[in-house]
Amino acid sequence: MSSVPTYRFAPTPNGALHIGHAYSALMNVRFAAAAEGRLLLRIEDLDPTRCKREFETAIVDDLVWLGVAFADPPRRQSEHAEDYASALDALRARGLVYPCFCTRSMVVEANAGRDPDGAPRYGGACRNLAARGVDARLAAGERAVWRLDSAAARLAVPDELVWREWGEGDRETSQNADPSLWGDFVLRGRDSAASYHLAVVVDDALQGVTDVVRGRDLFAATAAHRLLQALLALPAPRYRHHRLALDAGGAKMTKSAGATPLRKLRAEGLSAQALKIALGFAVGKTRLKVELS
Ligand code: GLU
């Protein structure tokens with residue numbers, strides 16, 4: 001692991017940044033500065049249908065406006081498919097992944113519960129298909145996603161799977177990681193070089209990230225990340241899952257639910273200083289109010 005404390009802000013360029021992203025970026029700045037560390041930018045653009053270069057450009061522009069500076073040029077996930085492929089190959093060589101031919105509706109119909117994000121969990125229909133049949137289907141060009149055999153994977157790592165969590169404070173707690181909540185989660189989709197879970201652990205390791213500061217919405221995902229780190233013999237960063245900005249209705253701000261983009265607030269005259277005051281990163285007066293939870 002790198003000796004310099006290394007943080008990263010890792011937006012997905014599938015839309016505009018909102019106040020919740022500003023909070024996350026500023027949290028990274030705060031903790032990186034306190035640790036005399038460096039802050040890196042990672043562009044998580046693996047979903048070719050939803051990610052666009054113009055969103056990336058707008059994100060970088062918003063971050064400059066906010067005064068967030070990065071140590072190096074950004075790492076763009078779409079440019080590193082081979083890194084994810086070699087991680088997947090390593091797991092494949094150990095028999096811990098399998099191709100799954102099920103459609104989305106087949107996964108829903110199998111009714112195997114929900115993962116922590118509320119998405120249908122996979123029931124395992126393709127887990128034990130005969131190898132010869134699988135090879136023939138792949139050779140015939142049938143498209144598949146690659147899933148982790150999570151029960152086999154769990155047996156392949158030490159009994160105790162934990163992570164070090166600091167939240168927003170200065171006290172470390174040890175969190176039990178239960179990756180079974182995610183079932184046989186996807187490592188590579190039909191149209192992307194890697195799933196979020198695989199890409200994030202590979203990139204955190206390759207970028208030498210020692211400290212992951214991100215929203216509480218990703219708390220549960222850390223169990224899947226710790227399992228992959230243990231399987232791939234990657235270092236375990238420290239984690240800080242911070243509060244989320246709420247919208248006017250008290251729900252988590254999301255792009256999909258139409259959270260007001262920072263760009264729009266900027267156009268309406270919001271200053272970076274006022275936003276920092278509202279989010280607790282600067283002292284002063286502003287009429288902007290932001291609820292965090
Ligand atoms: N790309 C993710 C997002 O925009 C963040 C991933 C992470 O910080 O691990 O929500």
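Remember, predicted model here, so these are calculated numbers, not experimental data. Remember, it's 1-based here, ligands and their atoms both numbered in the order they're listed. Quick note: numbers below take in every heavy atom, side chains included, and nothing from hydrogens, waters or symmetry partners.
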Subject >> Ring centres under 6.0 angstrom apart (Y239, F219) >> reply: no
Original post:
Has the side chain of D211 got a donor or acceptor atom that lies under 3.5 Å from a matching backbone atom of R238?
Top reply: no
Original post:
Can K289 and E291 be counted as an ion pair, charged N to O under 4.0 angstrom?
Top reply: no
Subject >> Those atoms of ligand 1 less than 4.0 Å from some heavy atom in V200 >> reply: 9 (O)
Original post:
Tell me, which protein residue and heavy-atom name are nearest atom 5 (C) of ligand 1, and how many Å apart are they?
Top reply: A10 O, 3.4 Å
**OP:** Report yes if some N/O of R42 lies less than 3.5 Å from some N/O of ligand 1; otherwise report no.
**Re:** no
Subject >> Contact (N/O only, under 3.5 Å) between L218 and ligand 1 >> reply: no
Subject >> P120: which of V108, N111, D115 passes side-chain contact (heavy atoms from CB on, under 4.5 Å) >> reply: V108
Original post:
Can an N or O of H21 be found at a distance shorter than 3.5 Å from an N or O of ligand 1?
Top reply: no
Subject >> Atom indices of ligand 1, in the order listed, that fall short of 4.0 Å to a heavy atom of E44 >> reply: 1 (N), 2 (C), 5 (C), 6 (C)
**OP:** Pick one of side chain, backbone, both or neither for how R8 approaches ligand 1, counting any non-hydrogen atom pair under 4.0 Å.
**Re:** side chain
Original post:
Between G280 and R30, what is the shortest heavy-atom contact and its length?
Top reply: O-NH2, 3.1 Å
Original post:
With backbone taken as N, CA, C and O and side chain as the heavy atoms from C-beta onward, which portion of T12 lies under 4.0 Å from ligand 1: side chain, backbone, both, or neither?
Top reply: both
Subject >> Exercise: identify the closest heavy-atom pair between L232 and A90 >> reply: CD2-CB, 4.4 Å
Subject >> Proximal ligand 1 atoms for Y196, defined as those under 4.0 Å from one of its heavy atoms >> reply: 6 (C), 7 (C), 9 (O)
**OP:** Decide if the gap between the ring center of W182 and the ring center of H197 is smaller than 6.0 angstrom.
**Re:** yes
